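To start, the structure itself, in structure tokens.
Everything numeric here is computed off the predicted structure, so don't read it as measured data.
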Amino acid sequence: MSEVYKEGQYWAYDARDQDEGAYVLINKIESHEKLGKIFHISFFNVKVKNPMISGGFSKELPHSPVSKEALDKSVTRLLGTKPENPDYLGGYKTWKEAFDAGKAGVFTMELRDIVDGVEQAINH
């Protein structure tokens with residue numbers, strides 16, 4: 001995609017079959033001297049198996065740091081704009097501390113693969 005991504009945009013993406021209607025919201029964009037732009041997104045309308053919560057499924061993943069490459073590989077159409085998801089801030093702060101210490105990175109894979117990876121991590 002040759003789109004210019006902006007904070008507050010929400011996008012449909014090539015989601016997993018079980019995540020029908022899923023979309024991502026760009027909460028924050030940061031620039032990094034080596035990595036370029038880092039997009040802090042929230043996933044909505046996902047169905048992530050999670051035995052630790054009531055109902056057994058997470059419908060939202062509040063924070064994932066991704067590259068422009070990950071968005072370009074995955075998003076299919078701009079759906080609109082909305083305010084940031086305040087639930088992303090806790091995950092962002094944890095990530096930022098680890099990132100600044102050299103212990104965290106940024107996802108470059110397709111968004112559907114990020115959701116799969118989170119689901120696998122929760123269930124192993």
Audit row: Phe57, Gln18, side-chain contact (heavy atoms from CB on, under 4.5 Å) steps and yes/no: CA-CA 11 Å; Phe57 290 94; Gln18 66 267 40; over 6 Å; no
Minimum heavy-atom separation for [X] and [Y], please, with both atom names.
{"X": "Ala22", "Y": "Ala15", "answer": "CB-CB, 4.0 Å"}
{"X": "Thr81", "Y": "Tyr10", "answer": "N-CE2, 3.4 Å"}
{"X": "Phe39", "Y": "Tyr5", "answer": "CE2-CB, 3.5 Å"}
{"X": "Leu25", "Y": "Asn85", "answer": "CD2-N, 3.7 Å"}
{"X": "Val115", "Y": "Val48", "answer": "CG1-CG2, 3.6 Å"}
{"X": "Ser42", "Y": "Asn27", "answer": "OG-ND2, 2.8 Å"}

Hey, any chance [X] and [Y] share a hydrophobic cluster, counting ILVMFWY side chains that come within less than 4.5 Å of each other, even indirectly?
{"X": "Val106", "Y": "Met109", "value": "no"}
{"X": "Tyr88", "Y": "Val118", "value": "no"}
{"X": "Ile122", "Y": "Ile53", "value": "no"}

Flag, side chain of [X] to backbone of [Y], donor-acceptor distance under 3.5 Å:
{"X": "Gln9", "Y": "Ile26", "answer": "no"}
{"X": "Asn45", "Y": "Gly21", "answer": "yes"}
{"X": "Lys73", "Y": "Thr108", "answer": "yes"}
{"X": "Glu7", "Y": "Ile29", "answer": "yes"}
{"X": "Ser74", "Y": "Leu111", "answer": "yes"}
{"X": "Arg112", "Y": "Asp19", "answer": "no"}

Can you tell me how far [atom2] of [Y] sits from [atom1] of [X], rounded to the nearest 0.5 angstrom?
{"X": "Trp11", "Y": "Tyr23", "atom1": "CH2", "atom2": "OH", "answer": "15.0 Å"}
{"X": "Trp95", "Y": "Lys103", "atom1": "CH2", "atom2": "NZ", "answer": "15.5 Å"}
{"X": "Ile114", "Y": "Phe43", "atom1": "CD1", "atom2": "CZ", "answer": "4.5 Å"}
{"X": "Lys96", "Y": "Glu30", "atom1": "NZ", "atom2": "CD", "answer": "4.5 Å"}
{"X": "Lys93", "Y": "His63", "atom1": "NZ", "atom2": "NE2", "answer": "12.0 Å"}

Would you say the side chain of [Y] lies within less than 4.5 Å of the side chain of [X], judging by non-hydrogen atoms?
{"X": "Leu35", "Y": "Ser67", "result": "no"}
{"X": "Phe107", "Y": "Pro65", "result": "yes"}
{"X": "Arg16", "Y": "Glu119", "result": "yes"}
{"X": "Pro62", "Y": "Leu89", "result": "no"}
{"X": "Phe99", "Y": "Ile38", "result": "yes"}

Around atom NZ of Lys82, are there more than 12 heavy atoms of other residues, nucleotides or ligands at under 6.0 Å? yes
